[in-house]
Protein chains: 2
Amino acid sequence: MLVVDDQELQRYGFRMLLESLPETEAVGEAAHGAAAVRMAAELRPDVVLMDIRMPGMDGIEATRRIVASGGRSRVLVLTTFDLDEYAHSALRAGASGFLLKDARPAELLAGIRAVAQGDAVIAPALTRRLLQEFTDQLRPRRTTDSAEDPRLSQLTDREREILIAVGKGWTNGEIAARFVLSESTVKTHVGRVLAKIGARDRIQAVIFAYDLGLV
Amino acid sequence: MLVVDDQELQRYGFRMLLESLPETEAVGEAAHGAAAVRMAAELRPDVVLMDIRMPGMDGIEATRRIVASGGRSRVLVLTTFDLDEYAHSALRAGASGFLLKDARPAELLAGIRAVAQGDAVIAPALTRRLLQEFTDQLRPRRTTDSAEDPRLSQLTDREREILIAVGKGWTNGEIAARFVLSESTVKTHVGRVLAKIGARDRIQAVIFAYDLGLV
DNA sequence: CCGAGGGTGGTACCGCGGTACCACCCTCGG
DNA sequence: CCGAGGGTGGTACCGCGGTACCACCCTCGG
């Protein structure tokens, strides 16, 4: 276990909390990122409690280096700020968790245990946003983009469906089969889609659909 | 608060746990998805505790409908299985949380509180995988993919150039003009590219190029 | 020196894609 | 009630895309 924070009082608080746990062995301390990276390499702690805002190398960069070093250490970022930017950066840097310092001790301890076991934890307030983004990426974008690109908003619902099908690489015949239409109808729809979005052929429609994230 | 589970004993357990909370008011119960959807519409509970495996309409579908109905109800999925499939489906269906039934009561309660407040919770064991996928999606694809996809490495330099040109939506004639080739030659190259990457037509080649980040 | 493989070019042929029309039905708002 | 617009379906026609061949040249390694 390694506690990284530039404020001594804060380190002291964590230390007290951690030493109350039966399973926690030694606790190392570091006051800034560079020291954290060095001590993580020496002590090889299971878990590193990492503050973000620190003079010199910040917690994000320190996390990146510790994770990149390939050791078994897992980093749990603890910060007073619930800013999205920080959380994102921390998670991209390879942190196994992101909690707020104002979490109750029980939550904090549960989080530490989870990270020690190889799981991950994220503060509930952040989980919602993360989930939001995640599902946004999974599900096809909706009305938001339609407003962004005037060409898309010209399309009727049916035409939009057809465009997405074209974007998936389906032939007119396949689209006809899946939508239970005649191929003529599909051709008509595709033709109108091409005209409206200003595409020369369905290939440019595919590119258009990809660029707008429809597929 | 609405508890949805096909096992009466399980519902009883949750009920006992929930009624011990000061902030919890009434608790409704449903034994299958259809009843859950109906009761959610009537009772308008803050939180719905949803089991996945149930006879008839399962928890995923019930979640989808409750969320789609636009009410204020938030769904916390509770299941004995930590299978990725379930979790993904549940989250895509719009669930605000996904916890395992074997979580300790304190975690469960914390999860319910978080969801009631509009936050989201995910079981630590799942968070790790979700994070993994999330960060995988965030980072841009680069040269690594060339090595990753064996189909790309089969292409000669010329064929790769052609593939990229196809991905830009150029016709054979345009490619011929820009590369100062005959259209026949372009056709030959395109044909070989399609064969090597296993594409039916140039449209699927375009999609292939996009998916690999070539364009 | 020779063979393999990549790059180029050609011919012949078919089919799907795309355009240009037209027509009919349904729904909905003026 | 009627007209507009969306959805559907059809015919006719052309051209590009794709396949199946074949051929020739160049480079490079055995």
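Only this structure's heavy atoms are used, side chains among them; waters, hydrogens and symmetry mates stay out. These numbers come from a predicted model, not from an experiment. Chain letters run A, B, ... following the sequence lines, proteins first and then strands; every chain starts at 1.
- What separates CZ of B/Arg200 from P of C/dG15 is a distance of 16 Å, to the nearest Å.
- Taking only side-chain atoms of A/Thr171, from C-beta outward, the nucleotide of C/dG17, D/dT19, D/dT8 with the closest atom is C/dG17.
- Whole-Å rounding puts the B/Ile203 CD1 to D/dG17 C1' distance at 10 Å.
- Whole-Å rounding puts the B/Trp170 CH2 to D/dG17 C1' distance at 18 Å.
- Nearest nucleotide to the side chain of A/Arg158, out of C/dG18, D/dG7, C/dT11: D/dG7.
- If you measure from atom CD of A/Glu174 to atom P of C/dC16, you get 11 Å, rounded to the nearest angstrom.
- Comparing B/Gln154 and B/Glu183 along DNA chain C, the residue whose closest nucleotide (by nearest heavy atom) sits nearer the 5' end is B/Gln154.
- When the side-chain nitrogen and oxygen atoms of A/His189 are compared with OP1 and OP2 of D/dG7, none of them lie within a distance under 4.0 Å.
- Contact annotation: A/Asn172 side-chain N/O to C/dG17 OP1/OP2 distance is under 4.0 Å.
- Contact annotation: the side chain of A/Thr79 approaches that of A/Phe98 to within less than 4.5 Å [non-hydrogen atoms, C-beta and beyond].
- Across all strands shown, D/dC28 forms a Watson-Crick or G-U wobble pair with C/dG3, both key distances being under 3.5 Å.
- Contact check on A/Lys101 versus A/Asp51 returns a salt bridge, with a Lys/Arg side-chain nitrogen under 4.0 Å from an Asp/Glu carboxylate oxygen.
- If you check every strand for non-hydrogen atoms under 4.0 Å, A/Ser182 touches sugar and phosphate atoms only.
- Taking the charged nitrogens against the carboxylate oxygens, B/Asp6 and B/Arg53 have no contact shorter than 4.0 Å, which rules out a salt bridge.
- Of the listed nucleotides (D/dG18, D/dG7, D/dG9), D/dG7 has the atom at the smallest distance from the side chain of A/Asp157.
- In this entry the distance linking CD1 of A/Ile162 with C1' of D/dG7 reads 10 Å, nearest Å.
- Within the nucleic acid shown, A/Thr156 comes within 4.0 Å of sugar-phosphate atoms alone, with no base atom in reach, counting heavy atoms only.
- When distances are taken from the side chain of A/Leu181 to each of D/dG9, C/dG17, C/dT8, the shortest belongs to D/dG9.
- B/Glu174 and A/Arg200 are joined by a salt bridge, as a carboxylate oxygen and a charged side-chain nitrogen come within less than 4.0 angstrom of each other.
- Each of C/dG17, C/dG10, D/dG18 was ranked by its minimum atom distance to the side chain of B/Val190; first place goes to D/dG18.
- When each of C/dT11, D/dG7, C/dG17 is scored by its nearest atom to the side-chain atoms of A/Arg202, the top-ranked nucleotide is C/dG17.
- Among the nucleotides C/dG7, C/dT19, C/dG9, the one closest to any side-chain atom of B/Thr185 is C/dG9.
- The nearest whole Å value for the distance from the CG atom in A/Leu163 to the P atom in C/dG18 is 12 Å.
- With a 3.5 Å ceiling on both atom-pair distances, the Watson-Crick or G-U wobble partner of C/dT8 is D/dA23.
- The interatomic distance linking B/Lys187 (NZ) with D/dG15 (P) rounds to 13 Å, in whole Å.
- Between the P atom of C/dG17 and the CZ atom of A/Arg192 lies a distance of 18 Å, rounded to the nearest Å.
- Remark: side-chain polar atoms of A/Arg202 are not paired, donor with acceptor, to backbone N or O of A/Val166 under 3.5 angstrom.
- The side chain to side chain contact (heavy atoms under 4.5 Å, CB included) with B/Val75 is formed by just one residue from the set B/Thr63, B/Val115, B/Leu2; it is B/Thr63.
- Of all nucleotides listed (D/dG18, D/dT11, C/dG17), D/dT11 comes nearest to the side chain of A/Ser184.
- Under the Watson-Crick and G-U wobble criteria, each requiring two contacts below 3.5 Å, nucleotide D/dG17 is paired to C/dC14.
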